[in-house]
Amino acid sequence: MQAGGTTTRTTCPYCGVGCGVIATVADHGAVTVKGDPEHPANFGRLCSKGSALAETIDLDGRVLFPEIDGRRVEWSEALDLVAEKFSEAVTEHGPDSVAFYVSGQLLTEDYYVANKLMKGFIGSGNIDTNSRLCMSSSVAGHRRAFGSDTVPGTYEDLELADLVVLTGSNLAWCHPVIYQRLAAAKAARPSMKIVVIDPRRTMTCDIADLHLAIRPDGDVALFMGLLAHLAGGPAIDQNYIGAHTQGFSQAFAAASALSSADLMERTGLPAMQLREFFHLFETTEKTVTCYSQGVNQSASGTDKVNAIINCHLATGRIGRPGMGPFSLTGQPNAMGGREVGGLANMLAAHMAIENTEDRDRLQRFWASPGIAEKPGLKAVDMFRAVADGRIKALWIMATNPVVSVPDADAVEAAIKACPFVVVSDILRDTDTARHAHVLLPSVGWGEKDGTVTNSERRISRQRGFLSAPGQATPDWWQMAEVGRRMGFDGFDYRSAAEIFAEHAALSAFENDGSRDFDIGAHAAIDRAAYDSLSPFQWPAPAEVTPLRRDGDKRFFADGGFYHPDGKARFIPVHAPSTDRTDEQYPLTLNTGRIRDHWHTMTRTAKSARLSGHIAEPFAEIHPRDAMELGIGNASLVEIESEHGLAVVRALVTERQARGNVFVPMHWNDQFAAKARIDALVAPVTDPFSGQPASKNVAIAVRSFGAAFYGFAVSTTKPATPKADYWALAKADSGWRTELAFEETVEDWAGWCRSTFEIPAGLEPIGYADHQSGDLRLAFFDGERLLAALFLAREPVAVARNWAISQLAISHSDLRKRFAIVAGRPGADQPDPGATVCSCFSVGANRIIGAVRGGCHSVEAVGKETNAGTNCGSCRAEIRGIIDGCLAAAAE
């Protein structure tokens, strides 16, 4: 309890870092959040998204009651229908005619019940998860090398290492808190070296000693070359190889078959950079290699993971402080899902679906009528089966596959055609939820109660501090109720604590240390102990064994792998051809995340602060490519593959390599006209993991033929604009809208009235220049600005953040009204500029002012403006502004 309100320790619902959060609810109901200084994942730090959590928990757009075909119903009617339809499909077409598509946003207890219901009682392996899209190649690589899906190390290893290799990871934007831990370690110990391997020069490169601008999918070749180099030098640990591994000679033979010329061609890297990287790795014992989506999201993702692991096994650099391969998971509970068998090719408690003894053990523990005997359909194949009619009933939970799954237009068509679709979510109008026959209201962050597991195997509690709105319920309760209605025993859960205790008991069931996942110490946990559970890392066995030493939180320093002989496997890998382009589609698309948005924006789009940094979808294009294509900075471009088309803003930048284009994956049909970028991604998957190849897509780019560009601010959320291009974003006191039109509109004032719901009788002030094409309109209701529209034949040059701020102030002064029409502030109203620091809403112009006032370091700017002093993920941008100002002053 805290004076003036109640305080709850919980866990952030964003990335796999798993930061501790302290949420305080004031007596008047307002919620504030801050980092938990006692949580060992973040020690009080939060990124911009975590800091803005309180801005995303309103009830706007929430689904509050069960619905059948858009009609509000009681829970009993909805659950009866779900049970009936799934039972009918199983009876008439067999267990494999139904499927669950779940999410790393689920809590472990939700995941556990879903897996139990599908694999143990319905009897099918057809439960897969959106985690398939982000970390299944890591799972496959771990299982091939270690015999288990085990992450060997901890976050502390990144701080203890003398060399940290970041491959396929924009750590600064995608895992900002870990980035800050690493940046702080390097600042305290400048001798530490950091290597970034990425086709783009991302913000993470700000702290890098070496950036390897590798070709897309060149990672296998790079680490094959590294292994061949290591084998000829002193870094090879023959004792470790001989005692704890198998297959080194075969892996080395495959690696050494790659010639130097082939290595340079496959990686796109010059010999000098290759030698520098190989030398760093060879001569630095304390080395950690972190990998994320740039490695995993590939048709060769599993081989990439094993190529990395091969190098660590060969040097014995695994499981010791400051050493090891480290998979950075994308979602808050991707790891928890792996622990309960959330993937179609796994069983709960890290047991193997292909293993007869594991299947028998699990069936006996659950006392289930049967058990799935073969892997189910992985995500991409699952939606193919929905499309061709093999799947008759589909339940989608806490995810938005119409935006996030490759070939997304085909996925949407499949869901629309499916005979019976259930969606459990918190929002009623997502791209996926709008196609549900049954829509079930789930609880969201702040209301949920359960556990999540982060990237370092640390289990933390998410605790509810808000009442569930309407009739929203936990996902586990929905599935348990359906299981009971289908006639199954074993689903009489009364709380998440009971489910967690069963999950823990299963992990220890007939486990003599031969399985890595063991949290048996919590098998008898009661509700009070569960409510007070502190973050802990697994393994946490009930009894210490030779393979379960008390306090040992790293794996494999002394072997002890989970293949039957206790030895790891070197995996021979082969460097694939990396170029998928052709004459029709000559460029390569890379998709990914940006700093302040998350997945498909269903949460972060609620925050004006998070939308302030980047408010619309964009494509990073190299200046030479843009020049050859006739594309200007801030113009619009069409991006096309053989699967789909998108229209986004051009961002011309040398951060991007020639021949490559980066587009973020977040935007959906609620916030942009045509920007679901996964509609362009081919349904090509890794043959071992089934993970889609989202980083290497052949595309064509061309200029979008806009006759007029527009920008608007409004107090009301616009109805879907009648425009050829539009992108919406939440703003302080209203909304901002980017627009483009291929033809002029005869009545612009009428267009505004319709789009922004302007009351009848209100006339705008403004002007139109028919020669230049400029047009400005502003609508006022008394002293209040309702909406303003700015049009031009080129991308509109308006002080956007200043224009947005006008929605919140009084305009009794006529001069201020005409300043809006002019699109620029007066001398007494400084323009803050484009947002750089989302945590404190600091704009570029304010930072420029600080630099001109003598703040010539990031630290000095932070002291003057607060920018960069919270999560720090904007520090590279601040440094760029400082460098630009100082260079301009020196000219």
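Quick caveat: nothing in here was measured; it's all calculated off a predicted structure.
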Report yes if the side chains of Asp431 and Thr600 come closer than 4.5 Å at any heavy-atom pair, otherwise no. no
At their closest point, which heavy atom of [X] faces which heavy atom of [Y], and how far apart are they?
| X | Y | answer |
| --- | --- | --- |
| Arg384 | Arg390 | C-NH2, 4.0 Å |
| Ser103 | Thr399 | CB-CB, 3.9 Å |
| Asn115 | Gly342 | OD1-N, 4.4 Å |
| Val697 | Ser641 | CG1-CB, 4.3 Å |
| Ala231 | Phe252 | CB-CE1, 3.3 Å |
| Ala876 | Asp206 | CB-CB, 3.6 Å |

Does the plane of the ring in [X] sit parallel, tilted or perpendicular to the ring in [Y]? Use 30° and 60° as the thresholds.
| X | Y | result |
| --- | --- | --- |
| Phe662 | Phe618 | tilted |
| Phe570 | Phe248 | perpendicular |
| Phe326 | Tyr155 | tilted |

Salt bridge [X]-[Y], side-chain N to carboxylate O under 4.0 Å:
| X | Y | result |
| --- | --- | --- |
| Arg201 | Glu654 | no |
| Lys374 | Asp96 | yes |
| Arg143 | Asp149 | no |

Output yes when a side-chain donor or acceptor of [X] lies under 3.5 Å from a complementary backbone atom of [Y], and no otherwise.
| X | Y | answer |
| --- | --- | --- |
| Ser873 | Trp173 | no |
| Ser292 | Leu328 | yes |
| Asp407 | Pro683 | no |
| His666 | Pro617 | no |
| Thr315 | Cys311 | yes |
| His574 | Asp303 | no |
| Asn296 | Gly301 | no |
| Thr685 | Gly690 | no |
| Ser259 | Asp262 | yes |

When you look at Asp579 and Arg215, which way does the salt bridge (Lys or Arg N to Asp or Glu O under 4.0 Å) test go after all the steps? CA-CA 9 Å; Asp579 190 2; Arg215 280 187 175 172; over 6 Å; no
Tell me whether the centres of the aromatic rings in Phe146 and Tyr562 are closer together than 6.0 Å. no
Would you please indicate if the ring centroids of Tyr240 and His312 are separated by under 6.0 Å? no
More than 12 foreign heavy atoms under 6.0 Å from CZ of Arg624: is that the case here? no
Where do Lys193 and Glu276 land on the salt bridge (Lys or Arg N to Asp or Glu O under 4.0 Å) test, with the steps shown first? CA-CA 12 Å; Lys193 301 297 183 184; Glu276 184 177 0; over 6 Å; no
For residues [X] and [Y], is any side-chain donor paired with an opposing acceptor at under 3.5 Å?
| X | Y | result |
| --- | --- | --- |
| Gln246 | Asp565 | yes |
| Gln691 | Ser136 | yes |
| His599 | Arg593 | yes |
| Asp162 | Thr284 | no |
| Asn130 | Ser404 | no |
| Arg132 | Asn345 | yes |

Report the C-alpha separation of Val305 and Tyr291 in whole Å, then their side-chain angles, then the decisive distance to 0.1 Å, and conclude whether the side-chain contact (heavy atoms from CB on, under 4.5 Å) test is met. CA-CA 8 Å; Val305 172; Tyr291 51 93; 3.6 Å; yes
Among Arg266, Lys304, Lys695, the one residue meeting salt bridge (Lys or Arg N to Asp or Glu O under 4.0 Å) with Asp217: Lys304
Partner of Asp157 by salt bridge (Lys or Arg N to Asp or Glu O under 4.0 Å), out of Arg317, Lys286, Arg554: Arg554
Residue pair Leu629, Leu587: steps toward the side-chain contact (heavy atoms from CB on, under 4.5 Å) verdict: CA-CA 11 Å; Leu629 293 166; Leu587 300 174; 4.1 Å; yes
